[in-house]
Protein chains: 2
Amino acid sequence: MADKAKSAKITDVANLAGVSVATVSRIINGVAKKASPDTVRKVKAAIAELNYQPSGVGRALRRNKSHLIAMVIPDANNAFYAAVATSVESALRQKGYSMILCNSDEDADTQDLYLAEMRSLLVSGVALLGAVPSPELEKMVNSGFPVVFINRKAPKGLTAPFVGIDNYAAGVCVAEQFINQGYTDCAAIHGPLHSPAQQARFQGYVDRLSEEGIQLKPEWVREAKLTIESGYSAASSMLTGGDKHFPRAIFCGNDPIAYGSYRRCQDLGLQIPKDVALFGFDDNPLNQWLAPWLSTIHAPYESFGAAVVSAFERTWGNESGAQEMETILPFSVTQRSSV
Amino acid sequence: MADKAKSAKITDVANLAGVSVATVSRIINGVAKKASPDTVRKVKAAIAELNYQPSGVGRALRRNKSHLIAMVIPDANNAFYAAVATSVESALRQKGYSMILCNSDEDADTQDLYLAEMRSLLVSGVALLGAVPSPELEKMVNSGFPVVFINRKAPKGLTAPFVGIDNYAAGVCVAEQFINQGYTDCAAIHGPLHSPAQQARFQGYVDRLSEEGIQLKPEWVREAKLTIESGYSAASSMLTGGDKHFPRAIFCGNDPIAYGSYRRCQDLGLQIPKDVALFGFDDNPLNQWLAPWLSTIHAPYESFGAAVVSAFERTWGNESGAQEMETILPFSVTQRSSV
DNA sequence: CTGAAAGCGCTTACAG
DNA sequence: CTGAAAGCGCTTACAG
């Protein structure tokens, strides 16, 4: 037997309990001026009997906000993003918020579509893991809407809270790994430079290398998308030139790029790290199982959640609109066999 | 300069255009009785000027439904689930729906929390990829709420649309791979049997094997969670017994279990497939890059999206409540080196 | 072709 | 301690 399709509303509860909807509402929300124990009992009973669940939509419309937080990520297939999202989700849930995930696919229009959608749903905030510059995004942060940027800072010109590692320092760190091993034929396959994270990683790498007198040949610098496929083809074009002189150490803008590069090397019969060394970024949680050879910068994804929650709380507590607030999390170096 | 924090509402548009809100609403929604071209022009201009975006909440409350679809998945870190979600998302978006993702974490309470949340948000439907039996789920499908099950059929007793492969046949197929190679020392590490998918895969495997006179020793059957870690420890307990007699061919309930088993074999110095053969399920899109050795059943995740959309459309078009409707997608065998 | 009005399910001053 | 009433932003018969 199917239940009635319509679910109970607050008036049903009020009728059944023999009180007004105002009273029911107050009891549900635990409002200060306490109701009489007897009333409370009746109302709770009615709620239980009807299996009443307040309408999020009615509530949101009235309160002008929901307890939803939207998280937009560029690529659900990247396990690092998934891991960060998981961390944020559980931190949020502990505070009574629910997280809903949207996929921007690294595309400005898609991101805007979801941003508009989420705002119209009255979410209490949006977290962007890997934001891409877009008109709606700009509008949101300028209007003081609570948005926090994760991993990738806000596009230039926008000022908003950020949670992530010091990407520049991490880039420096990769350079030092190569320097310590005596590599001088260094290369880089970075991600899109509209990403401040990619920008900073790459810059740190270049700067530190040049302190050592090492200049990157232009043919040894490639931009790729942040995917395995793209890493593969970028590596191809770099390793496959006519001459036999190829780079011996490659900075990869993230782990998937490193996976692709690795495969390309294998396909070319190049050995890692004997012929070429590879260094990744983020330390995708899959690495320990499926890429136990990859040396990479480890970002502490388990601790992103708490940091994001505090960032939101600061924003909510602060009516003064735009504000900058950076939470820089420590990274570490995961040394495996690819260097 | 920050924009005004408050966004425009339909009354603002109506005032600016000098018409009633009813007219604005009709124009936005393209209602039949067409407005005069002049009115339309004025309204569109006002909308553009104010950058008006209808409130999803106001609209949902009034219409008693939104254009949101919720998708719940058990584990965002499983790339197969992510790939299916991506496919569903883009199919949905083409129909004008937005998908929001929730993570049940393979846990009934968490699933219920999100289910209730989503229903209270007035989503137009919920798709569950890997549903776990739970009270709220039961309530939803019994009340005729549009839910479609992906990959894992509805828990027993519930009747609802399903999109996925024929898991039993796939299990049979794995058995045949082993049989053809002459394996007789066969084992299985399946996932939780509350999952009809795991149940069917395992059953197909067992049945086909026993047709061949091959019985699975009880010690060679293990239940694991659908994760790499769990696969690793299940394999441990199976391969690590005192005697030297271990299985030569292991059915793994999904790819992550196979990854874990593979690693365990490596750690034990066992060669794949010389010492033990492994067969996975789903064909995680990462396989070709990071596990190019894994033979597995390929589920056509790219085509799940369209099938899910039609399943919803059938449900919406049909007021008669509960209905069963299966869309069985073809699977194939991906032969790599682990068998 | 267009507007006034009711109502979707809630919350919250305001009275009492 | 509790209720009547207004209103959140929309849509949709109902009149005209």
Side-chain angles (χ1 to χ4, degrees), chain A residues 5-44 46-47 50-68 116-124, chain B residues 5-44 46-47 50-68 116-124:
Chain A
K6 303 280 62 176
S7 47
K9 9 192 153 163
I10 198 171
T11 33
D12 300 327
V13 176
N15 291 154
L16 183 57
V19 298
S20 71
V21 296
T23 298
V24 176
S25 174
R26 280 189 214 100
I27 290 175
I28 288 171
N29 296 296
V31 171
K33 324 112 153 297
K34 305 180 84 61
S36 78
D38 193 50
T39 309
V40 173
R41 198 175 322 113
K42 282 187 301 185
V43 169
K44 298 226 156 155
I47 288 175
L50 296 172
N51 205 269
Y52 169 69
Q53 177 88 33
S55 155
V57 170
R59 184 175 273 190
L61 181 59
R62 182 56 229 240
R63 289 196 182 151
N64 197 32
K65 70 171 348 195
S66 68
H67 56 222
L68 258 31
E117 186 81 54
M118 292 304 114
R119 203 214 253 266
S120 97
L121 262 182
L122 299 178
V123 298
S124 293
Chain B
K6 304 280 61 176
S7 48
K9 9 190 154 164
I10 198 171
T11 33
D12 300 327
V13 176
N15 290 154
L16 183 57
V19 298
S20 73
V21 297
T23 299
V24 176
S25 175
R26 280 189 214 101
I27 290 175
I28 288 171
N29 295 298
V31 171
K33 325 112 151 298
K34 307 179 84 60
S36 77
D38 192 51
T39 309
V40 172
R41 198 175 321 114
K42 281 187 303 185
V43 170
K44 298 226 153 152
I47 288 175
L50 296 173
N51 205 269
Y52 169 69
Q53 178 89 33
S55 155
V57 169
R59 185 175 272 187
L61 181 58
R62 182 56 229 240
R63 289 198 183 148
N64 196 32
K65 70 171 348 194
S66 68
H67 56 223
L68 257 31
E117 186 81 55
M118 292 303 114
R119 203 217 252 267
S120 98
L121 263 183
L122 301 178
V123 299
S124 293

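Letters A, B, ... mirror the listed sequences (proteins, then strands); counts begin at 1.
Between A:S20 and D:dA4 there is no side-chain N or O to OP1 or OP2 distance below 4.0 Å. An OP1 or OP2 oxygen of D:dC10 is reached within less than 4.0 angstrom by no side-chain nitrogen or oxygen of B:R63. Look at B:S55 and you won't find any side-chain N or O under 4.0 angstrom from OP1 or OP2 of D:dC8.
Residues A:D38 and A:R41 are paired through a salt bridge, judged by an N-O separation under 4.0 Å between the basic side chain and the carboxylate.
Base contact: B:S25 has a heavy atom under 4.0 Å from a base atom. Using a 4.0 Å heavy-atom cutoff across all strands shown, B:V19 reaches sugar-phosphate atoms only and no base atom. Backbone-only engagement by A:T39 is indicated by non-hydrogen atom pairs under 4.0 Å involving sugar-phosphate atoms exclusively.
Under the Watson-Crick or G-U wobble criterion, with both distances below 3.5 Å, C:dA13 has no partner in any strand shown. Nucleotide C:dA4 forms a pair with no other nucleotide shown, judged by Watson-Crick or G-U wobble geometry with both contacts under 3.5 Å.
We find that CG of A:N15 is positioned 11 Å from P of D:dA4, with the value rounded to whole Å. In this structure, CG of B:L61 is placed 7 Å from P of C:dG9, rounded to the nearest angstrom.
A donor and an acceptor atom never sit less than 3.5 Å apart when one is taken from the side chain of A:R62 and the other from the base of D:dG9.
A gap of 16 Å separates the C1' atoms of C:dT12 and C:dG16, to the nearest Å.
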